[in-house]
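Naming: A, B, ... by sequence-line order, numbering from 1 per chain.
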2 protein chains.
Amino acid sequence: MPGAIQSLSRAAAILRLLAGGERRLGLSEVAAGLGLAKGTAHGILRTLQQEGFVEQDPESGKYQLGAELLRLGQSYLDVHELRARALVWADDLARAAGETVYLGVLHQRGVLVVHHVFRPDDSRQVLEVGSMQPLHATALGKVLLAYDPVARGELGDGPWEAFTARTVTEPAALDAQCALVRERGWADAVEETWEGVASVAALIRDRRRNPVGAVCASGAVETVCGPDGAVRPSLVASVRTAARAISRDLGAHRF
Amino acid sequence: MPGAIQSLSRAAAILRLLAGGERRLGLSEVAAGLGLAKGTAHGILRTLQQEGFVEQDPESGKYQLGAELLRLGQSYLDVHELRARALVWADDLARAAGETVYLGVLHQRGVLVVHHVFRPDDSRQVLEVGSMQPLHATALGKVLLAYDPVARGELGDGPWEAFTARTVTEPAALDAQCALVRERGWADAVEETWEGVASVAALIRDRRRNPVGAVCASGAVETVCGPDGAVRPSLVASVRTAARAISRDLGAHRF
DNA sequence: GAACACCGGTCGACGATGCCGACCGCGATG
DNA sequence: CATCGCGGTCGGCATCGTCGACCGGTGTTC
């Protein structure tokens with residue numbers, strides 16, 4: 001594979017830099033952050049600004065991400081076949097399970113949430129479409145890891161960040177869990193990401209039976225798990241059924 | 001202003017092209033669509049793919065937008081100051097008015113929705129954050145046009161697309177409406193975009209009193225308008241109060 | 001208040017770099 | 001089985017992006 005276009009890679013790095021830092025960044029900060037000459041960084045920023053990918057605060061002269069990215073991100077969702085097919089099934093699952101439903105795909109070293117159905121009660125909830133979740137500490141992530149050796153390889157050997165006392169941080173434990181996931185056909189994560197929150201996830205395959213994403217039902221431990229502390233079998237069944245339905249919708253007819 | 005970086009502008013054009021066409025596009029289609037040599041288009045696409053801005057269907061070899069755009073779009077929302085300040089006010093407005101609330105900013109030749117609060121009932125609704133609305137046929141758009149001569153200039157002389165029988169399509173009529181908006185301090189759009197839907201919008205200013213966006217309450221004609229066919233004054237008051245509150249939050253202290 | 005440091009932005013020369021069009025292998029198609 | 005069109009590659013040429021010095025304004029410090 002021949003090399004990449006230098007200016008484009010640099011522009012992408014600038015966008016990621018702006019996305020990472022919480023606040024706006026000045027020209028010099030951007031240039032220093034990527035080891036570029038100021039003139040070079042300025043040329044790229046100027047072009048990104050013209051295209052709407054970056055905006056400049058006229059007062060301070062600092063840069064931040066631009067609106068065009070939001071528009072293109074929405075277009076990404078519009079074209080996304082998995083998401084389109086899964087919309088109705090995710091809705092059904094949320095209603096049947098009475099829990100929040102996420103649809104996630106592998107992206108870089110995490111899970112990107114491409115769809116989110118609120119738990120069907122009136123509690124205040126924020127939409128998490130477009131946000132990333134860790135691979136090692138969520139049900140979505142463990143499902144995707146279990147069926148994607150490449151992603152597992154890229155994740156390295158840890159130890160990974162512990163979000164709660166129950167987060168899996170060691171490679172041996174994670175690989176054991178992944179083996180279990182493959183054996184059972186579903187993954188759970190009980191208080192591994194947030195205290196009090198438990199999730200169940202199952203894999204979605206496309207027409208060539210390749211893994212393309214995962215569905216997940218998530219909610220309070222008290223409702224997701226039974227009195228024995230294990231995930232309620234009926235919830236597992238609902239999630240697996242939804243995953244199968246979406247896979248079939250994508251063309252994976254044979255099981 | 002010196003010229004833009006060629007490869008970057010071309011990459012942006014490719015992304016817009018992919019966002020516009022509903023389906024995936026092949027390399028040759030992309031090259032032809034922008035008048036580029038195939039090799040050139042391929043180099044840009046390859047780089048965009050490495051950076052995650054574009055994905056390639058391994059089966060057909062066709063290209064579509066990539067997941068990184070969704071992630072960056074979300075980051076745009078995270079940093080967006082107007083949106084952050086407006087979140088709580090928009091929520092209050094939706095509850096008080098009992099209608100859907102939109103928050104929009106000017107982008108290119110339309111209104112980009114940066115926040116959306118569902119009407120507080122249990123009806124099925126789809127999130128429209130990231131979508132675009134026409135300037136000439138929505139309350140949000142007319143508010144932004146009324147206070148931004150540049151945007152009005154860029155819109156040209158019409159006639160614009162008619163979405164319903166009541167859509168304003170002629171420049172004279174639109175300019176008259178804009179004058180009215182400036183005089184009253186708010187805009188309405190009754191069945192100008194969709195049959196049966198009416199909206200009220202008011203302007204949001206930043207600390208230098210420059211227009212930066214608009215809030216809008218939108219719902220069925222029967223609930224938004226009174227028996228005389230005009231928008232209910234109490235709803236207008238709620239929207240204007242919300243707009244003032246957000247503006248004040250942004251630092252526009254003096255009125 | 002003057003010297004200073006630092007900012008965003010510009011400029012022009014140099015040469016690395018991205019552009020182009022011919023070419024390749026493959027799969028679909030008749 | 002020949003043909004067409006596809007995505008992808010390659011190498012030479014000159015264009016285009018890069019770099020570091022430089023400018024004017026602003027806020028800071030002593």
Side-chain angles (χ1 to χ4, degrees), chain A residues 1-18 21-66 79 81 207-208 210 251, chain B residues 1-18 21-66 79 81 207-208 210 251:
Chain A
M1 172 162 48
I5 292 178
Q6 189 187 44
S7 56
L8 258 182
S9 297
R10 286 172 167 181
I14 288 181
L15 289 178
R16 274 194 293 270
L17 186 68
L18 289 174
E22 284 307 304
R23 62 186 212 296
R24 293 186 260 254
L25 295 177
L27 169 62
S28 303
E29 291 175 286
V30 171
L34 298 175
L36 298 176
K38 268 197 305 182
T40 305
H42 179 60
I44 296 173
L45 280 168
R46 187 204 309 134
T47 309
L48 287 173
Q49 185 183 8
Q50 283 175 18
E51 304 292 345
F53 290 88
V54 149
E55 289 169 6
Q56 187 176 23
D57 180 17
E59 201 159 358
S60 63
K62 309 226 172 201
Y63 295 92
Q64 63 176 33
L65 295 182
V79 192
E81 189 182 354
R207 68 184 69 82
R208 293 191 312 286
N210 290 126
Chain B
M1 171 163 45
I5 291 178
Q6 189 187 44
S7 55
L8 260 183
S9 297
R10 287 172 167 178
I14 288 181
L15 290 178
R16 274 193 293 270
L17 186 68
L18 289 174
E22 286 306 305
R23 62 183 214 296
R24 294 186 260 253
L25 295 177
L27 170 61
S28 304
E29 291 175 288
V30 171
L34 298 176
L36 298 176
K38 267 197 306 181
T40 306
H42 178 61
I44 296 172
L45 280 168
R46 188 203 310 134
T47 309
L48 286 174
Q49 186 184 6
Q50 282 175 18
E51 303 292 345
F53 289 88
V54 150
E55 290 168 5
Q56 186 174 23
D57 180 16
E59 200 157 359
S60 63
K62 308 225 173 202
Y63 294 92
Q64 64 176 54
L65 295 182
V79 191
E81 189 183 352
R207 67 183 68 84
R208 293 190 312 286
N210 290 125

For A/Leu65 and B/Val79, run side chain to side chain contact (heavy atoms under 4.5 Å, CB included): C-alpha distance rounded to whole Å, both residues' side-chain angles, the deciding distance at 0.1 Å, then the answer. CA-CA 8 Å; A/Leu65 295 182; B/Val79 191; 5.5 Å; no
Could you give the distance from [atom1] ([X]) to [atom2] ([Y]), rounded to the nearest 0.5 Å?
| X | Y | atom1 | atom2 | answer |
| --- | --- | --- | --- | --- |
| A/Ile14 | A/Ser9 | CD1 | OG | 11.5 Å |
| A/Leu34 | A/Ile44 | CG | CD1 | 8.5 Å |
| A/Gln49 | A/His42 | CD | NE2 | 8.5 Å |
| A/Tyr63 | A/Glu29 | OH | CD | 12.0 Å |

Hey, does B/Leu15 have a side-chain heavy atom less than 4.5 Å from the side chain of A/Glu51?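 Of all side-chain heavy-atom pairs linking B/Leu15 with A/Glu51, none is under 4.5 Å.
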Test item: A/Leu45 and A/Leu27 side chains (from C-beta on) under 4.5 Å apart, heavy atoms: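 Yes. Closest side-chain heavy atoms under 4.5 Å.
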Measure all distances between protein nitrogen or oxygen atoms and nitrogen or oxygen atoms of nucleotides 7-9 of chain C, and list the pairs falling under 3.5 Å.
from, atom 1, to, atom 2, distance (Å)
C/dG8, OP1, A/Leu27, N, 2.8
C/dG8, OP2, A/Ser28, N, 2.8
C/dG8, OP2, A/Ser28, OG, 2.6
C/dG8, N7, A/Lys38, NZ, 3.4
C/dG9, OP1, A/Gln56, OE1, 3.4
C/dG9, OP1, A/Gln56, NE2, 2.7
C/dG9, OP2, A/Gln56, NE2, 3.4
C/dG9, OP2, A/Tyr63, OH, 2.4
C/dG9, O6, A/Lys38, NZ, 3.4

Measure the distance from [atom1] on [X] to [atom2] on [N] and round it to the nearest whole Å.
| X | N | atom1 | atom2 | result |
| --- | --- | --- | --- | --- |
| B/Ile44 | D/dG8 | CD1 | P | 14 Å |
| A/Asp57 | D/dT26 | CG | C1' | 15 Å |
| B/Ile5 | C/dA16 | CD1 | P | 18 Å |
| A/Gln6 | C/dC19 | CD | P | 12 Å |
| B/Leu45 | C/dC19 | CG | P | 12 Å |

B/Glu55: salt bridge (Lys or Arg N to Asp or Glu O under 4.0 Å) partners, not counting sequence neighbours: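 In terms of salt bridge (Lys or Arg N to Asp or Glu O under 4.0 Å), with neighbours along the sequence ignored, B/Glu55 is linked to no residue.
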Checking B/Ser28 now: which residues fulfil side chain to side chain donor-acceptor pair (under 3.5 Å) with it, not counting sequence neighbours?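 In terms of side chain to side chain donor-acceptor pair (under 3.5 Å), with neighbours along the sequence ignored, B/Ser28 is linked to no residue.
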Among all residues two or more places apart in sequence or in another chain, which pass the side chain to side chain donor-acceptor pair (under 3.5 Å) test with B/Asp57?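 With sequence neighbours excluded, B/Asp57 shows a side chain to side chain donor-acceptor pair (under 3.5 Å) to B/Ser60, given in chain and number order.
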Main chain of A/Ile5, side chain of B/Thr47: is a donor-acceptor contact present, judged purely on distance under 3.5 Å?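 Yes; judged by distance alone, with no hydrogens or angles, the pair exists.
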Tell me which residues in residues 7-16 of chain A put a heavy atom below 4.0 Å from DNA chain C, sorted by number, or none.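 Result for residues 7-16 of chain A: A/Ser7, sorted by number.
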Below the 4.0 Å mark, does D/dG17 have OP1 or OP2 next to a side-chain nitrogen or oxygen of A/Thr40?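 Answer is no, no contact under 4.0 Å.
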Report for the helix from C/dG1-D/dC30 to C/dG30-D/dC1: angle between first-end and last-end helix axes, five pairs each, rounded to 10 degrees.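 For the helix from C/dG1-D/dC30 to C/dG30-D/dC1, the axes at either end differ by 40°.
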